Amino acid sequence: MPNARVLYWFRTDLRLHDSPALKAALDLKPEVLYPIWCWDSHYVYHARVGNNRWQFLLDCMEDVSKSITKLNGKSKLFVLREPAVTLLPKLFKAWRITHLVFEKDTDSYGRDRDAQVMESAKKAGVEVLFESGRTLWDSDKVVKANGGKPTMSITQLQHAGEKVGNIAAAIETPENLPDPGDLKLDIGQTQPDGASDINAKYRDGEEVSYGSGIAGPNNDFAVPTLEELGMKPATTPHRGGESVVLQKLEEILSDSDYTGTFEKPKTSPAAFEPQSTCLTSPYLHFGALSCRYFYHRVEEVTEARRKAKKNISVPPTSLTGQLLFRDMYFAAQAALGWSFGQTYNNSHCRFVPWHLPSKVNVETKLITGGYEVDDAEKEKEFQRWAKGMTGFPWIDAIMRQLNIEGWIHHLARHAVACFLTRGGCYISWERGAEVFEELLIDHEAACNIGNWQWLSCTAFYSQFYRCYSPVAFGKKWDENGDFIRKFVPELKDFPKKFIYEPHKAPIQDQKKAGVLISGDGAETERGGVPVYPKPMFDFPTQREVCIQGIKQAYHVGLHGNDAKVLDGTWKQLFDDNGEGPTEGEQGGPGGMLSFEDAEGTEDGHHGSPILKRSSKAENPSSGQQSNVKTAHKRDRSQGTLDGAFAKRAKK
DNA sequence: CTGATTGTTGAGGTG
DNA sequence: ACACCTCAACAATCA
């Protein structure tokens, strides 16, 4: 198609290697190709994204932009400061676009956004091409091969994957790219409304990215900086980018023993500098590394070892097994949609009367972003967990590493997730998932949600009697407590004997180590001496409380979509003395006495918020509306990089 | 259909 | 150091 004018819309595919969507765009032999990024209010204001993940994203964007320029000096990643849903209809006209090409997104949010964009492309007479490229197999095909059901075990995923076919071989990186067309833009900018900025705590300056116009402060479509977003500098040592990870991958692969015999359960969660796993997850999330390329390169190493009769590891514990789990979670989410990310109305998530349950909108059947504080003590425990002040050094070290570096080992995630939910606090997994969503640089909605369900024994896994100890589990890997000494520095000189249970140390030992073990974490210093809190509960007691609670919930046997969960009468089935907000006969689905107001449903619209139409909203450019009133924060927090917003025409 | 086995990654004990 | 057993006990898979 020699006259094709292509808009290549980068999203979570920030790479040039092995990109089926980019290949589809280049196969059009376009006259012009605009590589673009649409700046997205969802990511800026409404999804939980801390400054560390922001930095990683910006690194990936900067890197792919440089790679584009290397292939064509006139081109780069053109970053447009406006969400795709309002921007693209204008861009189609301004740049006389004939084709829109992007990588398929099966995240619930991405699907809704893309449906809306495709509708506007159709109206504008623009042809849309998209390719699956984020997973080993197209997640929708996996679901179909699994009988239309979510893949809830690794064997289901493996069987379904076999039916779909071989994992596609990697596609060559292009050697050149077409010129971009004319960059003149004479269109108004629709700015998102930053009023409900969920990430405000990460900002110390004015957010100016939108205020400086569609092409940015220098009018050159440059990749923004954290400073431009008013965000505090990142604290993570991990840096993003396709070129960074491709080099890293070569180092990993060059160690045949490591790559070929990798077994996840045998890697230490306490290792740091370097960590025990290869830390490719954030690159996979942003698409800087293709999971299929990774898979096949690891297979090459494994095959060579097999021929040489050397040891090899196999799925599910091997490196390729990790990629299979990723596909399993993607296909589970692809099948279940929005309900996958919550207990309420989720057909495959067990109902457990957790503390701090999510509030729900009973009309949309979506969680609202808020939660019920059924017990003030539990709220306190949650806050102490989130910042690493539980008084259990192993848990606190992990949570502090998460806060500072944005990455923690998979088994460390197990330890803290089990502790918050079924093995300690008995707090809803949805609370934990939200904290991880905010802090992890590798946050992948499908994997995060799936793993939280796994660890809380609400889906994917059910052996709730296998419970991680906040003392014994860490000790198994790191008897000396070096990991604790690194991330809980007030304990750095604590005697080895008590490093996992400092409250058991005699006061003389505490004095000698220069730290006082006291209080609930509110006090961090007394008379110049650092204070580390006492444990917030007796773990063996809480372990028993949790196991009995889960056992009863399993016995009751409700899932998120059972009628008694939907209408709140589940309480009748639970012992009033059971753990969690179980008292009474009836209550809100979350557990409290009243249902959350079904907000934003006055027009009687149903379905996911981004697709709603409201006669009240205005959108002069496309005639379509997003209704910010119906699109609550948490309703929008599972998607990727674009979103719903209130329209505010630039003056 | 039944019953045995298996399930990426528990803890605590023994030999 | 490491293999193996038991504790209590869920649910998918397979013969």
Side-chain angles (χ1 to χ4, degrees), chain A residues 146-147 149-162 260-271 275-278 281 295 298 302 312-329 331-332 347-352 392 394-395 398 408-424 447 450-480 483 500-501 538-559:
Chain A
N146 195 46
K149 293 184 187 128
T151 45
M152 302 306 287
S153 72
I154 198 66
T155 40
Q156 282 177 12
L157 182 276
Q158 283 172 308
H159 292 159
E162 269 170 40
T261 66
F262 182 95
E263 289 180 77
K264 182 59 119 339
K266 291 186 182 168
T267 59
S268 170
Q275 72 287 338
S276 63
T277 50
C278 38
S281 50
Y295 184 96
V298 171
T302 310
I312 53 161
S313 56
V314 292
T317 51
S318 65
L319 274 178
T320 52
Q322 310 312 302
L323 295 171
L324 293 173
F325 273 107
R326 184 172 173 273
D327 260 49
M328 177 186 81
Y329 289 131
S347 55
H348 286 68
C349 180
R350 283 188 177 276
F351 178 80
V352 174
F392 293 93
W394 169 247
I395 299 298
I398 295 166
I408 52 178
H409 185 277
H410 189 69
L411 290 183
R413 300 180 197 204
H414 279 214
V416 296
C418 180
F419 183 85
L420 183 73
T421 58
R422 68 178 167 88
C447 300
N451 276 316
W452 273 94
Q453 290 176 10
W454 183 302
L455 266 300
S456 61
C457 284
T458 49
F460 300 101
Y461 188 75
S462 54
Q463 288 162 272
F464 52 76
Y465 42 89
R466 291 196 173 164
C467 180
Y468 292 88
S469 157
V471 175
F473 187 66
K475 257 187 201 168
K476 188 169 83 182
W477 297 100
D478 178 17
E479 217 203 324
N480 191 46
F483 179 73
Y500 282 86
E501 296 174 283
D538 177 61
F539 176 73
T541 307
Q542 268 311 110
R543 181 188 182 277
E544 213 36 54
V545 166
C546 287
I547 287 179
Q548 291 313 313
I550 298 277
K551 203 166 149 181
Q552 196 193 358
Y554 265 71
H555 182 69
V556 171
L558 293 172
H559 286 79

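The structure displayed is predicted, hence computed values, not measured ones. Letters A, B, ... mirror the listed sequences (proteins, then strands); counts begin at 1.
- Looking at heavy atoms from C-beta onward, A:H410 lies out of side-chain contact with A:T267 at the 4.5 angstrom threshold.
- Side-chain atoms of A:P265 and A:T317, non-hydrogen and from C-beta on, do get closer than 4.5 Å to each other.
- In this entry the distance linking CD1 of A:I154 with P of C:dC14 reads 13 Å, nearest Å.
- Using bins of under 30°, 30° to 60° and over 60° for the plane-to-plane angle, the ring pair A:Y329/A:F325 lands in the tilted bin.
- Contacts of A:H159 with the nucleic acid, taken as non-hydrogen atoms under 4.0 Å apart, involve only primed sugar atoms and P, OP1 or OP2.
- Taking atom CG of residue A:L319 and atom C1' of nucleotide B:dT9, one finds them 15 Å apart after rounding to whole Å.
- A donor-acceptor pair under 3.5 Å is absent between the side-chain atoms of A:S462 and the main chain of A:A459, judged by distance alone.
- For the pair A:N451 CG and B:dT9 P, the computed distance is 12 Å after rounding to whole Å.
- Remark: side-chain polar atoms of A:Y468 are not paired, donor with acceptor, to backbone N or O of A:H414 under 3.5 angstrom.
- A:F262 has its side chain within reach of A:Q322: a pair of non-hydrogen atoms, C-beta onward, lies under 4.5 Å apart.
- A:P269 places a side-chain heavy atom less than 4.5 Å from the side chain of A:F473.
- Atom CD of A:E263 is separated from atom C1' of B:dT8 by 9 Å (rounded to the nearest Å).
- The gap from the P atom of B:dT5 to that of C:dC5 amounts to 13 Å, rounded to the nearest Å.
- Below 30°, between 30° and 60°, or above 60°: for A:Y461 and A:W454 the angle between ring planes is below 30°, a parallel geometry.
- The side chain of A:S462 lies closest to C:dC10, out of B:dT9, C:dT13, C:dC10.
- Taking atom CD of A:Q158 as the reference point, atom C1' of B:dG7 lies 12 Å away to the nearest angstrom.
- Taking a pair as Watson-Crick or G-U wobble with both distances under 3.5 Å, the runs of three or more consecutive pairs in DNA chain C are B:2-7 with C:10-15, B:10-15 with C:2-7.
- By the 30° and 60° cut-offs, the orientation of the rings of A:F539 relative to A:F419 is parallel.
- If you take atom P in B:dT9 and the same atom in C:dA1, they sit 23 Å apart, rounded to whole Å.
- In this structure, the nucleotide among B:dT8, C:dT13, C:dA8 sitting nearest to the side chain of A:K551 is C:dA8.
- The closest side-chain heavy-atom distance from A:C457 to A:Y554 is below 4.5 Å.
- Nucleotides C:dA9 and B:dT2 are separated by 23 Å at their P atoms, to the nearest Å.
- Within the nucleic acid shown, A:W454 comes within 4.0 Å of at least one base atom, counting heavy atoms only.
- Side-chain atoms of A:Q548 and A:E544 include a donor-acceptor pair closer than 3.5 Å.
- Nucleotide B:dG7 holds its P atom 15 Å from the CG atom of A:L157, rounded to whole Å.
- A close approach under 4.0 Å does not occur between any side-chain nitrogen or oxygen of A:T267 and OP1 or OP2 of B:dT9.
- Checking A:M152, A:M328, A:Q156 one by one against A:N146, the side chain to side chain contact (heavy atoms under 4.5 Å, CB included) holds for a single residue, A:Q156.
- B:dT8 and C:dA8 have their P atoms separated by 24 Å, given to the nearest Å.
- The stretch residues 414-422 of chain A comes close to DNA chain B through A:H414, each having a heavy atom under 4.0 Å from the strand.
- The interatomic distance linking A:Q548 (CD) with C:dA8 (C1') rounds to 10 Å, in whole Å.
- Between A:Q463 and B:dT9, a side-chain N or O to OP1/OP2 separation shorter than 4.0 Å is absent.
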Sub-3.5 Å pairs of nitrogen or oxygen atoms, protein against nucleotides 10-15 of chain B:
{"unit_1": "B:dG10", "atom_1": "N7", "unit_2": "A:R466", "atom_2": "NE", "d": "3.4"}
{"unit_1": "B:dA11", "atom_1": "OP1", "unit_2": "A:S469", "atom_2": "N", "d": "2.7"}
{"unit_1": "B:dA11", "atom_1": "OP1", "unit_2": "A:F473", "atom_2": "N", "d": "3.4"}

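- Between the A:T151 side chain and the A:L157 main chain, no donor and acceptor come within less than 3.5 Å of each other.
- The distance from atom CD1 of A:I547 to atom C1' of C:dA8 is 9 Å, rounded to the nearest whole Å.
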